[in-house]
Amino acid sequence: MNHCAIEVMKDLKDLILAYGQSDEYSFVLASKSNLYSRRASKLASVVVSLFASNFVMHWSTYFKDKPLRYAPCFDSRVVCYPNDKILRDYLSWRQADCHINNLYNTTFWALVHGGRTYDEAETELKGTLSKHKNEILFSEFGLNYNNIDPVYRKGSTIIRLKTEVHSISPNDGRPVTRMKLIPTAVHEDIIHPSFWNTHSDLLLK
């Protein structure tokens, strides 16, 4: 999924950021962009078709021994947020949702692998808060939730980072090194203001 999102951002330069977790991805179009005259139907159809086609093209890269059995499809919609604060609130909600879902799933499957049935695990977790799930993971399984890979706890944010790129000059065949903005997946806290302070140029585009 991250690979697909990165490829979409490579093709559509006006996309400044993407956030994904589970089977959902959100793409942010620069506020000053006039891509496809900002027609919602056009933007939705192009982004989702690029995503789906890249999903098919790169499937074998990740699942070499598992052929794709049927054509995947994704739905899409366009939402216009009136200002940066509401956009950030939406992205914060997406990341908070990622944490809630992953903490539940991590605890649920730990209980199941520890011997509970599906129904028993579901009943035990019903009505619990985050602190209760963290206590179950640590006290019963010795697992500190904060040590889990951040890609699962925080999801993936795709932004364009300055990256050193090496190539060969077509003129004289010599190695060439240059800095380019490359869509890159990071797994950081986008709820805290520090992310936006560090990447303060994102919402100026």
Side-chain angles (χ1 to χ4, degrees), residues 1-9 17-28 47-48 50-77 79 87-159 161 183-196:
M1 296 290 284
N2 287 353
H3 192 140
C4 297
I6 287 172
E7 293 301 319
V8 170
M9 287 189 64
L17 178 147
Y19 177 79
Q21 59 106 352
S22 185
D23 61 347
E24 295 182 1
Y25 244 101
S26 300
F27 294 88
V28 178
V47 170
V48 76
L50 270 174
F51 196 98
S53 59
N54 275 288
F55 191 92
V56 174
M57 284 185 63
H58 299 289
W59 173 271
S60 61
T61 302
Y62 298 91
F63 304 102
K64 293 181 174 60
D65 300 323
K66 295 182 179 180
L68 194 61
R69 296 185 177 182
Y70 57 89
C73 65
F74 298 89
D75 68 328
S76 67
R77 60 186 177 276
V79 178
L87 171 63
R88 284 180 55 179
D89 286 346
Y90 164 73
L91 293 170
S92 295
W93 169 76
R94 288 290 320 277
Q95 187 165 71
D97 188 56
C98 172
H99 160 70
I100 291 169
N101 291 337
N102 187 65
L103 179 56
Y104 180 91
N105 290 333
T106 301
T107 312
F108 176 86
W109 287 110
L111 290 171
V112 170
H113 292 153
R116 269 76 150 191
T117 66
Y118 292 168
D119 288 341
E120 288 171 343
E122 185 175 349
T123 299
E124 187 167 342
L125 293 178
K126 187 175 182 180
T128 57
L129 302 176
S130 292
K131 64 180 181 180
H132 300 135
K133 297 181 183 72
N134 277 302
E135 178 60 26
I136 291 171
L137 288 173
F138 189 76
S139 62
E140 291 197 35
F141 306 102
L143 177 61
N144 186 333
Y145 181 75
N146 290 325
N147 293 335
I148 293 176
D149 195 321
V151 66
Y152 303 112
R153 294 184 289 110
K154 300 182 184 299
S156 300
T157 305
I158 314 295
I159 53 177
L161 296 179
T184 306
V186 298
H187 314 292
E188 300 176 9
D189 185 343
I190 61 173
I191 298 175
H192 196 276
S194 60
F195 174 87
W196 301 98

R153 side-chain N/O to N102 backbone N/O, donor-acceptor pair under 3.5 Å
no
Under 4.5 Å between any side-chain heavy atoms of L137 and L103, yes or no?
yes
Restricting to pairs with a member in residues 65-77, which pass side chain to side chain donor-acceptor pair (under 3.5 Å), not counting sequence neighbours?
none
Test of understanding: with salt bridge (Lys or Arg N to Asp or Glu O under 4.0 Å), list the residues that count as partners of E140, not counting sequence neighbours.
R116
Atom CE in M57, atom CD in E7: separation rounded to 0.5 Å?
8.0 Å
Starting at OG of S92, measure out to CG of D189 and round the result to the nearest 0.5 Å.
8.0 Å
Those residues that, when tested against F55, pass ring-ring contact (aromatic ring centres under 6.0 Å, His included) (two or more places apart)
W59, F74
If you define the side chain from C-beta out and look only at heavy atoms, does anything of L91 sit under 4.5 Å from F195?
no
Using modelled atom types and a 3.5 Å cut-off, is there a donor and acceptor pairing between side-chain atoms of Q95 and backbone atoms of I190?
yes
Just verifying a value: how many Å separate L17 CG and T157 OG1, rounded to the nearest 0.5 Å?
6.0 Å
Would you call the rings of Y90 and W93 parallel, tilted or perpendicular, where under 30° means parallel and over 60° means perpendicular?
tilted
Does any part of the side chain of H113, heavy atoms only, come nearer than 4.5 Å to the side chain of F141, both counted from C-beta?
no
Quick one: do N54 and H3 satisfy side-chain contact (heavy atoms from CB on, under 4.5 Å)? Show the steps, please.
CA-CA 8 Å; N54 275 288; H3 192 140; 5.6 Å; no
Would you indicate whether the side-chain heavy atoms of T128 and T107 approach each other to under 4.5 Å?
no
Minimum heavy-atom separation for G155 and C98, please, with both atom names.
N-SG, 3.4 Å
Do the rings of Y118 and F108 sit parallel, tilted or perpendicular, given the 30° and 60° boundaries?
tilted
Shortest non-hydrogen pair, P183 vs I6, comes out as O-CG2, 3.7 Å
Please determine whether side-chain contact (heavy atoms from CB on, under 4.5 Å) holds for the pair L125 and K133, giving the CA-CA distance in whole Å, both sets of side-chain angles, and the decisive distance to 0.1 Å.
CA-CA 8 Å; L125 293 178; K133 297 181 183 72; 4.3 Å; yes
Sorted by chain and number, sequence neighbours left out, ring-ring contact (aromatic ring centres under 6.0 Å, His included) with H132 holds for none
Rounded to the nearest 0.5 Å, the OG1 atom of T184 sits from the CG atom of N2 at a distance of 11.0 Å
Per the salt bridge (Lys or Arg N to Asp or Glu O under 4.0 Å) rule, what does the pair list look like for residues 87-113, sequence neighbours excluded?
E24-R94, K85-D89
Residues in ring-ring contact (aromatic ring centres under 6.0 Å, His included) contact with Y145, at least two apart in sequence or another chain
H99
Would you say the side chain of Y25 lies within less than 4.5 Å of the side chain of V8, judging by non-hydrogen atoms?
no
Between Q21 and Y19, the two heavy atoms sitting closest are CG-CE2, 3.9 Å
For L50 and S53 the tightest heavy-atom approach is O-OG, 3.0 Å
Within 6.0 angstrom of E122 CD, more than 12 heavy atoms from elsewhere:
no
